[in-house]
Structures are given as C-alpha cells and as structure tokens.
Amino acid sequence: MIQSIDYYAVAPLLVLVLTAGAVLLLDAFLPRRPYARPLLGAVTLTGVLGALGVVAAQVVRDGDPMRTFCVPAGLPGPARAGIGALDIGTLGSGPGGPGGAASALCSFVVDDFTLVFAGLALAAGVVVVLLSMAELSAGDVPVGEWYFLLLCTLVGAVALPASRDLVMLVVALELVSLPVFALTALRRYDGRSSEAAVKLFLVSVVSTAVMLFGVSLLYGMTGTVYLDRLAQVLRGPVAEPMAIPGPDAYASVLRIAYDLPPVLIVAVVLVIAGFGFKVAAVPFHAWAGDVYQGAPIPVAALLSVISKAAGFAGLILILVAALRGQIAVWAPLVAIIAALTMTVGNLLALRQRHAVRLLAWSSVAQSGYILAPLGVRDDEAASASIAYLVFYAAMNLGAFAVVMLVSRRGARGGLDDYRGLAFRNPAAGLALAFFLICLAGLPPGLAGLFAKVVVFRELVDGGGAWLALVMAANTVVGLYYYVAWAARIFTPVPVTEGARAPATVGGAPAGAGVPSAVGEVPAGAGVPSAVGEVSAGADVPSAVAGRAGGGRAGWVPVGVAIVLAGVVAVVFSIAPQVVLDLLPEGLIASG
C-alpha cells in the first residue's frame, strides 16, 4: 500500500524540521565568534515565523480540511476486537459518504482545530525564541543544542493537534515533552536546573506509561487506533451482527456497545490521568512549582503555554473526537478534577513569595479554568476551553517576559524585588501590572475578563452551575495574589531600603544587595534547598551570576517579547471577537 503525502498540509512541520537541521549544521561549522549566537537565534526565529506564515496561509485557504497519511477507503479492519470491528468503507463520516474522500481514515488532518493550536504554539514559540536569545547571550548555555531542542518541541506541538490516530498522537506528545528535559538541564553548573530536569523526566515518564496503558486498552477493546473509527465502534448502534466465538454464535453489536465492559472505564480514567500530568492538573500537579523555578525562564514560559496547549489539544482530541459517546463517564470526572485544580492552584499561589513559583501555581489554577468547560455535557465546550487557552497564552507569556527582564539584574526572583518597579522602569512596571490585571480578569485587562465570561457562560448553559460557583470563588481568591503583586509594583521603596534596592531594571549592577526574596533565608547561606527559596550566597555558580549581569544585546529581545505580548493582550482586550471568530462550530473535522 502506497500513501500519497500532501506536502502543503505538513509544510509547517517541514519548515521547522529544516530549520532545526540548519541550526545544527551552522552550530557545527560556524567559527566561535560573537556573531554566531545571534545568528543562530535569527535563523531559529526566521524558521518559526516562516512556519507561522504557512499556518496563516492555510487559515485563509478555502475548501475542505486537508488530509494526508490516509488508509484507503474499503480496506477491511481487524477480524476481531474486544468490542467490534467495522469496515472502513462503511463509515462514511465526511462529505461524499462511503467511497468519498472523507470516508478514508487519515492520521494527519489540518482543520480549524489544528490551525488554532498550531498558530497558538508558533506564536508562543516566537516569544520563547526571543526570551531564549536573552538567556543565551551570556554564553553559558550551548546555543545550537538549545535552539534544536526548542524547534523539536515546536514540531511536536504543531503535529499533535493534527494527529487523528492514537499512535501519532502519543508520538507527537512525547516529541513535545522529551526535548524539554534537556532544555531544563542545559544551564550547566546549576544544581537546581538539574534537579528540575530529573523531576520533570520522572513525572513525564510516569504520565506517559499511564497514558500508554490506557491507550493500549482502548486499542484492545476496539481494534483500531483511528480516533474516528474508535468513536464509531464505541458509539453504536450498528445494524449488522458480529460473529463472536463462544456459546452465542452471534451477538448484536448494539448490545455490546451499550453494555460496555469495565475495562473501558479504566482506559478512559488512565488516559485522563496521563494527560492530567501533562497539564499539571490536580492531583498530578506536585512537580510544577520546583520545575518552573528550577528551569530557565524561557523553558518555564514554554511549559506554561506551549506544553500546556499541546496537552490540552491531545486531551480534547481523545475526549471529543474518540470518546464522545462515553461523555457520561468522563465529564463528571473532568469536572471534579477541574474544581480541585483551580482550588489547589490558587491556594498554593497565595503562599508564594517567589515570582516564578507564583506563576507556576497560577498556571495550575488556570489549567482548572481551561478544564472546566470539558466537565459539562455540551458539544461547544471544547471551543470555550480553546478560547480561554488563547487568551491565557498572551497574558502569561507577557508576565514571564517581564519576570525575565527583572531577574537578569541579579535579583533573586522574590516579589519584593518588584517593589517600586513602576518608578525604576515605568515601561516594564506598567506592562507587568497590565498582564497581572489581565490574569485576574479585572479592567482594563479585559482579555482575562472575556476569557472567564466565555467559560462561565458555557458552564451555566451546560448545566454545570456548581462548577461555575467554584470557579467564581476561585476567581476571587486569584484576585488577591495578582492584585497584591501589582500593588508592589506601584509601592515606592522606603528611603531606609533605598540603598539595598536595585537602582533600575536596566542599569543596576548585578547582585547589588538585593533584599531577600523570601525573608527567610539569610544572604550568604549557601545553595538553596530544593523548595526554591533563593539566597544571595557566594555558593551560587559563577556562570549563573555572570548571566544575571547580561549585556545590552540581551535586553533587546526581551523588550520585543514584552511589546509583542502586550500588543496581543491589548487587542484581545479591545476586540475579543478576534479569538471567538477563530472557533467555528464543528471544530474537529471527521475523517
């Protein structure tokens, strides 16, 4: 069997793969000169922008969704399966009916769902590349390996929403996850980065094993890896009888489909648990705080947006495209997980005095908000989750960009380091305050308000009033720590502390007596514990201290990232319909 490939459908992936290869070759053969690092960053940024341009061209393209890597129509399915096997040619799930183009089952489909997530991943990738340029400007991180691994992660993030079979979905999800381990550990001589990489590796391996177990059970029960066919087998009723060995020579597929075995429920729970690890949903969230803080800030931003978006894309595909008929099983479970996630995330964020850890637990709470619409029995729930994810991405990336700007001056990342930021650097202070207000959902940050309204409306219309009340209570809790952080930005530094506070974000000498970030660990107390309270001790590696100083070249890309995120957040606040128009009905194409 020879399959034809639609190269236009996979063009964004090809652009990213070719760019990754070019980065490796340039890194191997370019002389070690000052221009090498910015050149590799420019090549990477060009590749990501090129892939984003291809996605934009696919968005404005007219016609049916593009499909490739397809099984020809009429090819018979497996002879036996735990629940039943269907002939592919009888599905007729798309335009044209049986024998039409859509009746063939395809592993890669470019539809509205794919384009929204691919555009989100690539747009976030532009910001992460800009932050990476600043991270790599000091010279203590291997630049070629960094950009290659980052591009590999983006390849997985773009391929995953287009995946329409279980095998490709798992492979794409691991392609998103695996490079992040190495990215986290590439900051040499930093024990906390190594610890974060080990924790992330162990958690990801466990989550993958759990998810693969659930996926294998789904395949064993249905005899297919294709999401559409899996949905057809599980949905029922099917008029034709199916031969089953045993005392009953023939049994109705209708009876089997409605009398689903308990192992199918186990499979659904395991798959949700596996994706729960990926998106840091409670009770699979414990890794988030230490990993976010130990990882370089660009990697933390990647985890909070790109990796999270990929995890939600896979979860939505499994639940909506493959297990829609089992919504009575998974919807209550997802609703409970969403309520626990937003509650635990907000309560943990309340206790934080470190900026990145606060954003980490805030990101956990935001995962609960994104999950919430999937906990109601409504066909439009996925659209509400995706809309919230798009709004959240711009606000969170902007906050991480400002945090990186501040942390590069040798500050230890505590919230007290942001006291008076609006007076030392008005642009950075106002930008961070705006992003925090957006995350809180308060005016003038209307992007966050619109995101929450979309979810609230979906919960109420879908019969999830109790979940809407839980979300409302958590929104109030979230207001406290977002507003408290924003208030610090506009609080003048007392005269008695003036000598210890950093002079400016862009010009103070690194480590010039910055006050303790947590207030518990004295200066010079040595390397901090795994929990992450940071001290200003002499045991901090010299490479890390050198990076904190940074050069002017490192400030420019961070500033551009802040501007880009700020412009997008402002546009979303003024015209939220820009996001909502991207989410038409029938988001996931059949076939």
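In what follows, every heavy atom counts, from backbone to side chain, and hydrogens, waters and symmetry copies are set aside. Note that this is a predicted model, so its numbers are computed, not measured.
In this structure, S304 contributes its side chain and S363 its backbone to no donor-acceptor pair below 3.5 Å. Between the side chain of T184 and the backbone N or O of A196, no donor-acceptor pair lies under 3.5 Å. Looking only at distances, no side-chain donor or acceptor of E458 sits under 3.5 Å from a matching main-chain atom of S383. Of the possible donor and acceptor atoms, none in the side chain of N425 sits under 3.5 Å from a partner among the backbone N and O of L421. Put simply, the side chain of S385 never gets that close to the backbone of L371: no donor and acceptor are under 3.5 Å apart. With hydrogens and angles disregarded, no donor-acceptor distance shorter than 3.5 Å links the side chain of R419 to the backbone of I489. With S407 contributing its side chain and M404 its backbone, the two residues share a donor-acceptor pair below 3.5 Å. For S193 (side chain) and G294 (main-chain N/O), a donor-acceptor pair under 3.5 Å exists by modelled atom type. Side-chain atoms of S204 never come within 3.5 Å of backbone atoms of L200 as a donor-acceptor pair (strictly under, hydrogens ignored). Proximity of a side-chain donor or acceptor of R457 to a complementary backbone N or O of A384 within less than 3.5 Å is not detected.
Within the 4.5 Å cutoff, the side chain of T19 has no heavy atoms near those of the T46 side chain. Annotation: side chain of W330 is not in contact with side chain of V271 (no heavy-atom distance under 4.5 Å). The side-chain heavy atoms of R488 and D417, taken from C-beta on, include no pair separated by under 4.5 Å. Counting heavy atoms from C-beta outward, L302 and T153 have side chains that approach closer than 4.5 Å. Counting only heavy atoms from C-beta outward, the side chains of C438 and S573 approach each other to under 4.5 Å. With contacts defined as side-chain heavy-atom distances shorter than 4.5 Å, the pair V279/F275 does not qualify. The shortest distance between side-chain heavy atoms of L149 and L186 falls below 4.5 Å. The shortest side-chain heavy-atom distance between V126 and L49 falls under the 4.5 Å cut-off.
Of all the heavy atoms in L131 and A301, the pair that sits closest is CD1-CB, 4.3 Å. Minimum interatomic distance between A447 and A569 (heavy atoms only, all atoms of both residues): CB-O, 3.9 Å. In terms of heavy-atom proximity, A281 sits nearest to I337 at CB-CG2, 3.9 Å. Looking at every heavy atom in both residues, A431 comes nearest to I562 through CB-CG2, 3.8 Å. When all heavy atoms of V460 and A468 are compared, the closest pair comes out as CG2-CB, 4.2 Å. Considering all non-hydrogen atoms of both residues, L415 and Q352 come closest at CD1-O, 3.7 Å.
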(request) Check step by step if side-chain contact (heavy atoms from CB on, under 4.5 Å) holds for L319 and I272. (result) CA-CA 9 Å; L319 296 182; I272 293 176; 4.2 Å; yes
(request) Verify side-chain contact (heavy atoms from CB on, under 4.5 Å) between M66 and F108, making sure each step is shown before the conclusion. (result) CA-CA 8 Å; M66 294 178 287; F108 194 96; over 6 Å; no
(message) Run the salt bridge (Lys or Arg N to Asp or Glu O under 4.0 Å) test on D416 and R353 for me, step by step, so that the C-alpha distance in whole Å, both residues' side-chain angles and the decisive distance to 0.1 Å come before the verdict.
(response) CA-CA 8 Å; D416 287 338; R353 295 297 179 267; over 6 Å; no
(message) For L151 and V48: C-alpha separation, side-chain torsions, deciding distance, then whether side-chain contact (heavy atoms from CB on, under 4.5 Å) applies.
(response) CA-CA 8 Å; L151 287 167; V48 176; 3.9 Å; yes
(request) Under the side-chain contact (heavy atoms from CB on, under 4.5 Å) rule, what do F117 and L160 come out as? Steps first, then yes or no, please. (result) CA-CA 9 Å; F117 273 96; L160 193 145; over 6 Å; no
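If you take CZ on F284 and OG1 on T341, they are separated by 9.0 Å, rounding to the nearest 0.5 Å. Note that CZ of F113 is 5.0 Å distant from CD1 of I386, once rounded to the nearest 0.5 Å. K278 contributes atom NZ, which lies 14.0 Å from atom CZ of F312 (distance to the nearest 0.5 angstrom). The structure places CH2 of W485 at 5.5 Å from CG of L432, a figure rounded to the nearest 0.5 Å. To the nearest 0.5 Å, atoms CG (D112) and CD (Q58) are separated by 11.5 Å. Atom CG in L120 sits 12.5 Å away from atom CG in L115 (nearest 0.5 Å).
Each ring-ring contact (aromatic ring centres under 6.0 Å, His included) pair with one or both residues in residues 423-456, not counting sequence neighbours, would appear here, but there are none.
Ring-plane geometry between Y292 and W287 is classed as tilted, the angle between the planes lying from 30 to 60 degrees on a 0 to 90 degree scale. Between H285 and W361, the angle of the ring planes goes over 60°, which puts this pair in the perpendicular group of the 30/60° scheme. Ring geometry, Y392 versus Y388: the interplanar angle falls under 30°, so the pair is classed parallel (tilted spans 30 to 60°).
For the residue pair N346 and Y481, a side-chain donor N or O sits within less than 3.5 Å of a side-chain acceptor on the partner.
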